[in-house]
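Below you'll find the structure, written out as structure tokens, and then a few comments.
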Amino acid sequence: MIVSVAVVGQQNNPLYLQSFTEAGDELKLHHIVHCSLDVIDERVNNPKKNWPTLNETFLGLLYPSENYKVYGYLTNTKVKFILVTNEIDVKDADMRNFFRRFHTAYVDAVSNPFHVPGKKITSRSFAVRVSAIVKSFESGSNA
């Protein structure tokens with residue numbers, strides 16, 4: 001189950017965070033997303049052989065914790081997408097597909113002429129679209 005998704009800007013400023021759990025977990029998820037930024041910066045600035053190449057946008061599993069796994073995606077404009085899940089077995093192909101669809105929704109949201117680049121995404125249609133992507137991912141991965 002996807003627990004949270006986040007969009008983080010070029011300057012590591014939070015642009016969007018949506019959680020799919022109880023309200024009490026939101027602060028904990030903010031902390032997990034914030035910690036994952038260090039891992040993303042480390043992978044981008046110090047690439048190693050076992051990490052994806054710099055032209056690869058999908059960063060894969062950033063780190064596992066006791067209850068969650070954190071996956072990352074980096075756009076060409078250095079905007080970061082972070083997904084937190086509590087599933088044990090998640091295929092990279094499914095994660096790539098999720099991030100591809102999430103990226104498309106993000107591009108549509110920021111292409112709105114009323115959106116100010118670098119500011120929080122407050123679009124209600126973006127939130128609805130993200131929820132639909134998460135629901136379709138969960139129904140597809142459970143099958």
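Basis for what follows: all heavy atoms, side chains included, without hydrogens, waters or symmetry-related copies.
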TODO: For side chain to side chain contact (heavy atoms under 4.5 Å, CB included), just list the numbers for Phe99 and Thr57, CA-CA rounded to whole Å, side-chain angles, deciding distance to a tenth of an Å, and then say yes or no.
DONE: CA-CA 9 Å; Phe99 279 120; Thr57 56; over 6 Å; no

Using the six-membered ring wherever Trp is involved, compare the ring planes of Tyr106 and His103 and label them parallel, tilted or perpendicular (cut-offs 30° and 60°). tilted

Here the pair of heavy atoms bringing Gly118 nearest to Asn13 is O-ND2, 3.2 Å

Here the gap from Arg100 atom CZ to Tyr73 atom OH, rounded to the nearest 0.5 Å, amounts to 7.5 Å

request  = Take Ser123 and Ser125 through the test side-chain hydrogen bond (donor to acceptor under 3.5 Å, both in side chains) and record every step on the way to the result.
outcome  = CA-CA 5 Å; Ser123 169; Ser125 63; 2.9 Å; yes

Rounded to the nearest 0.5 angstrom, the CZ-CG distance for Phe126 and Leu15 is 9.5 Å

Closest heavy-atom pair, His115 versus Lys119, reported as atoms and distance to 0.1 Å, is CE1-O, 3.5 Å

* Would Asn12 and Asp41 satisfy side chain to side chain contact (heavy atoms under 4.5 Å, CB included), going step by step from the backbone distance to the final call? -> CA-CA 10 Å; Asn12 290 339; Asp41 287 341; 3.5 Å; yes

For Tyr63 and Cys35 the tightest heavy-atom approach is OH-CB, 3.7 Å

Same apolar cluster (I L V M F W Y, side chains within < 4.5 Å links), Val7/Val128:
no

Taken to the nearest 0.5 Å, the spacing of Asp25 CG from Asn86 CG works out to 10.0 Å

Rounding to 0.5 Å, atoms OG1 (Thr122) and CZ (Phe114) come to a distance of 12.5 Å

#### Entry: Heavy-atom donor-acceptor pair, Glu87 side chain to Met1 backbone, under 3.5 Å
yes

Q.
When you measure from the side chain of Lys69 to the backbone of Ile88, do you find a donor-acceptor pair of N or O atoms at a distance under 3.5 Å?
A. yes

Mutual orientation of the aromatic rings belonging to Phe102 and Phe81 [parallel < 30°, tilted 30-60°, perpendicular > 60°]: perpendicular

Review point. Are Ile40 and Ile82 close enough, and set up right, to give a side chain to side chain contact (heavy atoms under 4.5 Å, CB included), and what steps lead you there?
Key: CA-CA 10 Å; Ile40 291 173; Ile82 299 165; 4.1 Å; yes

All heavy atoms of Leu62 vs all of Arg43, minimum pair found to be O-NH2, 3.5 Å

When rounded to the nearest 0.5 Å, the distance separating OG of Ser36 from CG of Leu83 is 10.5 Å

Closest non-hydrogen contact found for Leu17 with Ala6 is CD1-CB, 3.4 Å

Heavy-atom closest pair (Tyr71 atom, Val90 atom, distance to 0.1 Å) is OH-CB, 3.7 Å

Checklist entry - Is a side-chain donor or acceptor of Lys80 paired with a backbone partner of Gly9 at a separation under 3.5 angstrom? => result yes

Point to revise | Under 3.5 Å donor-acceptor, Ser4 side chain and Gln18 backbone | key: yes

One should read off an interatomic distance between His30 NE2 and Glu26 CD, to the nearest 0.5 angstrom, of 4.5 Å

- Task: May I ask you to test the Val3-Lys28 pair for a side-chain heavy-atom distance under 4.5 Å?
- Result: no

Let me see the working for Phe20 and Glu138 under side chain to side chain contact (heavy atoms under 4.5 Å, CB included), right down to the final yes or no.
CA-CA 12 Å; Phe20 301 96; Glu138 290 176 357; 5.6 Å; no

